[in-house]
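Down below is the structure, laid out as structure tokens.
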There are 2 protein chains.
Amino acid sequence: MRIGEAALAAGCQTETIRYYERAGLLPKAGRTDGNYRQYSASDIERLVFIRHARSLDMTLDEIRALLDVRDAPENNCSTVNAVIDEHIDHITERIQVLEVLRRQLQDLRGRCQQAQAAKDCGILHQLGHSEPASAPKPTQRARTRVRNERTARHVALASRASRKSR
Amino acid sequence: MRIGEAALAAGCQTETIRYYERAGLLPKAGRTDGNYRQYSASDIERLVFIRHARSLDMTLDEIRALLDVRDAPENNCSTVNAVIDEHIDHITERIQVLEVLRRQLQDLRGRCQQAQAAKDCGILHQLGHSEPASAPKPTQRARTRVRNERTARHVALASRASRKSR
DNA sequence: CTAAACCCTATAGTAGCTTTAAGGTCAAGA
DNA sequence: TCTTGACCTTAAAGCTACTATAGGGTTTAG
């Protein structure tokens, strides 16, 4: 099985597979005479495992931890539970932060009901001084997460945009 | 006011302010004889505006749009409403995706109740074949967003880690 | 024999910063 | 006066998890 077929089976791009190989999640693939990568059924299983974990939004580091356990079938799997539990916690926390954000934004939005001169816009005023809306200043931790999570959206938007242009 | 004081006033790092200047959100700062950047009260206001918007998780592009309106006080502010409304939509969508993810993860977590041999672990098995948990495969769009959002967490963890080592 | 479809490597780009390296400026204290 | 240390400067690299691009080589169908 060559890389294109493997990508199809796993629902990802060929370049992503090469990336996983470079990142050490997949072993260096065997090669044909023409230097094409070759994949066995168990290689595909490993790749599918990774993609499933990614579809649950786990990081490559978390997946590495799961793969390590998977690679040692007699060992104890308690790490697995820990990884999943922590991952659930992260997501839960993130949902809470987003809900606070949404409330703040809705409050902010309420300050300008119709199109008017910018100098009279309640939203611009509110952003200009003191705290935005009635919001308690987000903690440093929350803020960091939010800021970075947002990085996400850019990337998402960027990739959506580039998809469009394909 | 020099850059350090400005950073303190806005609750960010000095390097972040330089970054905003490079990114064109802040005008090129004036300089002292010793080539230090100098900030006026209105420069600080602009910076605070940016930071407030960022604390609401807006992108620099969205903020640029708000600043443009702010810079033309007689112009119509309807762009502002549009930016905020769209931003609220993004966040709402993201919350929904995360809630689906959380349900999937909780389902997955239920498949292994105690530490056991890795080869018997229900979580590893589930990740290994077919679809994870009972989850409908996330749409391409959702998946992209999620994957990228997660990028975020790495960054968050990274910056938390580096904070620790300071 | 050639064109299309596939594969290869290496490099750069994405958002919004943060970190690092290698310095220059300036005020206070010995 | 000299130096220590706190502050500032620029430029470049790093972070995640890819994706895209450039510039090639291989294989296979017609």
Side-chain angles (χ1 to χ4, degrees), chain A residues 1-8 12-25 28-29 31-39 50-51 53-55 57-64 143-166, chain B residues 1-8 12-25 28-29 31-39 50-51 53-55 57-64 143-166:
Chain A
M1 209 174 198
R2 293 189 309 191
I3 198 170
E5 215 181 332
L8 214 63
C12 65
Q13 299 205 343
T14 58
E15 198 46 54
T16 303
I17 298 178
R18 294 190 193 104
Y19 173 78
Y20 289 158
E21 183 180 316
R22 281 200 303 280
L25 293 167
K28 301 246 170 208
R31 300 293 179 124
T32 67
D33 290 351
N35 198 32
Y36 285 7
R37 287 179 180 79
Q38 248 179 338
Y39 296 95
I50 295 171
R51 293 264 77 197
R54 282 298 292 133
S55 82
D57 203 22
M58 293 182 218
T59 66
L60 298 192
D61 272 351
E62 287 170 334
I63 295 171
R64 245 181 286 266
R143 221 196 227 165
T144 299
R145 179 168 303 105
V146 164
R147 179 187 312 135
N148 291 312
E149 182 171 306
R150 192 37 188 290
T151 295
R153 216 183 80 195
H154 292 284
V155 178
L157 291 170
S159 57
R160 235 177 290 156
S162 57
R163 220 195 320 288
K164 217 185 318 183
S165 67
R166 253 193 258 148
Chain B
M1 212 178 197
R2 293 188 310 188
I3 199 170
E5 215 181 333
L8 215 63
C12 65
Q13 298 206 346
T14 59
E15 198 45 54
T16 303
I17 298 179
R18 294 191 193 104
Y19 174 77
Y20 289 157
E21 183 180 316
R22 281 198 304 280
L25 293 166
K28 302 248 170 204
R31 301 292 181 126
T32 66
D33 289 351
N35 198 32
Y36 287 4
R37 285 179 181 80
Q38 244 177 340
Y39 296 95
I50 296 171
R51 293 263 79 199
R54 282 297 294 134
S55 82
D57 204 22
M58 293 181 216
T59 65
L60 297 192
D61 273 351
E62 288 170 334
I63 295 171
R64 246 180 287 267
R143 219 193 227 167
T144 300
R145 179 169 305 104
V146 164
R147 179 188 311 134
N148 291 311
E149 182 169 307
R150 191 40 186 288
T151 296
R153 217 182 79 198
H154 293 285
V155 178
L157 292 168
S159 57
R160 234 177 291 155
S162 58
R163 221 194 321 286
K164 214 186 321 183
S165 67
R166 251 192 259 146

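Just so we're on the same page: letters track the sequence lines, and every chain starts at 1. Every value quoted in this text rests on a predicted model; they were computed, and no experiment measured them.
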Nearest listed nucleotide, side chain of B:R18, among D:dC8, D:dC18, C:dC17: D:dC8
Closest to side chain of A:T16, choosing from C:dC17, D:dT19, D:dC8: D:dT19
Between OH on residue A:Y20 and CG on residue A:L60, distance to nearest 0.5 Å: 6.0 Å
Pairwise distance CE(A:M1) to CG(A:L8) - rounded to 0.5 angstrom: 8.0 Å
Output the rounded distance in Å from [atom1] ([X]) to [atom2] ([N]).
{"X": "A:E5", "N": "D:dT28", "atom1": "CD", "atom2": "P", "value": "13 Å"}
{"X": "B:I3", "N": "C:dC17", "atom1": "CD1", "atom2": "C1'", "value": "14 Å"}
{"X": "B:R54", "N": "C:dA15", "atom1": "CZ", "atom2": "P", "value": "12 Å"}
{"X": "B:R31", "N": "C:dG24", "atom1": "CZ", "atom2": "C1'", "value": "13 Å"}
{"X": "B:M58", "N": "C:dC17", "atom1": "CE", "atom2": "C1'", "value": "18 Å"}
{"X": "A:Q13", "N": "C:dC8", "atom1": "CD", "atom2": "P", "value": "14 Å"}
{"X": "B:I50", "N": "C:dC17", "atom1": "CD1", "atom2": "P", "value": "10 Å"}
{"X": "A:R22", "N": "C:dT11", "atom1": "CZ", "atom2": "C1'", "value": "10 Å"}

Which residue lies more 5' along DNA chain C, comparing B:N35 with B:R64 via nearest heavy atoms: B:R64
Given DNA chain D, 5'-ward residue of the pair A:E15 and A:R2, judged by closest heavy atom: A:E15
Which residue lies more 5' along DNA chain D, comparing A:Y19 with A:G34 via nearest heavy atoms: A:Y19
Heavy-atom check, side chain of A:R2 versus side chain of A:R37, under 4.5 Å: no
Pairing of B:R18 and B:E15 as salt bridge, 4.0 angstrom limit: yes
Sugar-phosphate, base or nothing in reach of A:R37, heavy atoms under 4.0 Å: sugar-phosphate
Under 3.5 Å: donor-acceptor pair, side chain of B:R54, backbone of B:M58: yes
Donor-acceptor pair present, A:Y36 side chain and C:dC6 base, under 3.5 Å: yes
